[in-house]
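Report on one structure; see the data block that follows.
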Amino acid sequence: KIFMSYVGKWQFHSIGTVDDETCERVWLNAEEYIKAPMPYVDETDEEAVADEMKERQKTVGTILEVCEDGKLYALMPLPEGVSKEEVEQAASAGIIKVRDGMMTDDPFTWEERDGALWVDMGMGDDGFVNFSEEEGFLTMFTTRYAKMQ
């Protein structure tokens with residue numbers, strides 16, 4: 001297996017879901033995911049549907065930044081309709097953190113183990129989760145990210 005450098009930015013590529021008929025994992029691109037049914041949301045509840053759409057937009061807009069210093073940032077798009085001033089006020093008040101014009105939380109710690117990227121998510125025996133790298137993608141739980149050029 002050829003070692004791949006993890007350092008850099010990774011953008012949303014696809015999300016894994018299970019096909020109801022075949023019970024196989026299928027990967028949906030951003031457009032397919034946004035348009036996919038919401039069986040776990042009451043689709044007659046406009047607010048619930050709107051919230052789910054916001055979450056999906058945030059998911060497909062997320063970028064993972066893997067830094068050489070062992071930090072990994074999940075960068076999320078700023079909410080729509082929020083002014084630059086409001087973002088700066090929220091950031092200076094410590095409500096949100098901003099990095100490269102996107103929202104982020106405290107960075108995760110990552111390390112390389114046998115050529116694989118392991119990220120401290122506070123889960124499992126030692127807190128680290130394997131962000132498996134298959135076919136050139138980083139896979140975080142059910143979401144695949146492709147390296148940005």
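All values below were derived from every heavy atom in this structure, side-chain atoms included, with hydrogens, water molecules and symmetry-related copies excluded. Along the sequence shown, the residues carry numbers beginning at 1.
- Here the closest non-hydrogen pair linking G127 and D120 is O-OD1, 3.2 Å.
- Residues S14 and E32 form no side-chain contact, since every pair of their non-hydrogen atoms from C-beta on lies 4.5 Å or further apart.
- Under a cut-off of 6.0 angstrom, the local environment of CG in D114 is sparse, with at most 12 non-hydrogen atoms contributed by other residues, nucleotides or ligands.
- Taken to the nearest 0.5 Å, the CG atom of L72 stands 9.5 Å off from the OG1 atom of T109.
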Steps toward side chain to side chain contact (heavy atoms under 4.5 Å, CB included) verdict (M102, Y73): CA-CA 10 Å; M102 298 180 80; Y73 293 87; over 6 Å; no
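- Heavy atoms only, all atoms of each residue included: R56 and I34 are closest at NH1-O, 3.7 Å.
- Hydrophobic clustering (side-chain heavy atoms under 4.5 Å, transitive across Ile, Leu, Val, Met, Phe, Trp, Tyr) groups M53 together with Y40.
- Counting heavy atoms from C-beta on, the side chains of V119 and V129 never come closer than 4.5 Å.
- At least one side-chain heavy atom of M103 sits less than 4.5 Å from a side-chain heavy atom of P79.
- Proximity of Y33 to T17: side-chain heavy atoms (C-beta onward) are nowhere separated by under 4.5 Å.
- Each of L64, V66, L75 was checked for a side-chain contact (heavy atoms from CB on, under 4.5 Å) with K9, and the lone residue meeting it is L75.
- From S5, atom OG reaches atom CD of E112 across 8.5 Å, with rounding to the nearest 0.5 Å.
- Nearest heavy-atom pair across M76 and T104 is CE-CA, 4.2 Å.
- With E65 as reference, R99 is the one residue of R99, K71, K147 to meet the salt bridge (charged side-chain N to carboxylate O under 4.0 Å, His left out) rule.
- Closest heavy-atom contact between L78 and G101: CD1-O, 3.4 Å.
- By the 4.5 Å heavy-atom criterion applied to side chains, H13 and W27 are not counted as neighbours.
- Annotation: the span from I15 atom CD1 to F141 atom CZ amounts to 12.0 Å, rounded to 0.5 Å.
- Hydrophobic clustering of Ile, Leu, Val, Met, Phe, Trp and Tyr side chains at less than 4.5 Å, counting indirect connections, unites W110 with M123.
- Looking only at side-chain heavy atoms (C-beta outward), E111 and R113 come within less than 4.5 Å of each other.
- Between F108 and M140, every side-chain heavy-atom pair lies at or beyond the 4.5 Å cut-off.
- By the rule that hydrophobic residues join a cluster once side-chain heavy atoms approach within less than 4.5 Å of another member, V49 and L28 end up as members of one cluster.
- Closest heavy-atom contact between Q89 and S92: O-OG, 3.1 Å.
- In this structure, CE on M38 lies 11.0 Å from CG on D45, to the nearest 0.5 angstrom.
- The shortest non-hydrogen separation linking Y145 to W10 is O-CE3, 3.4 Å.
- Here the side chains of V60 and F12 are in contact, with some heavy-atom distance below 4.5 Å.
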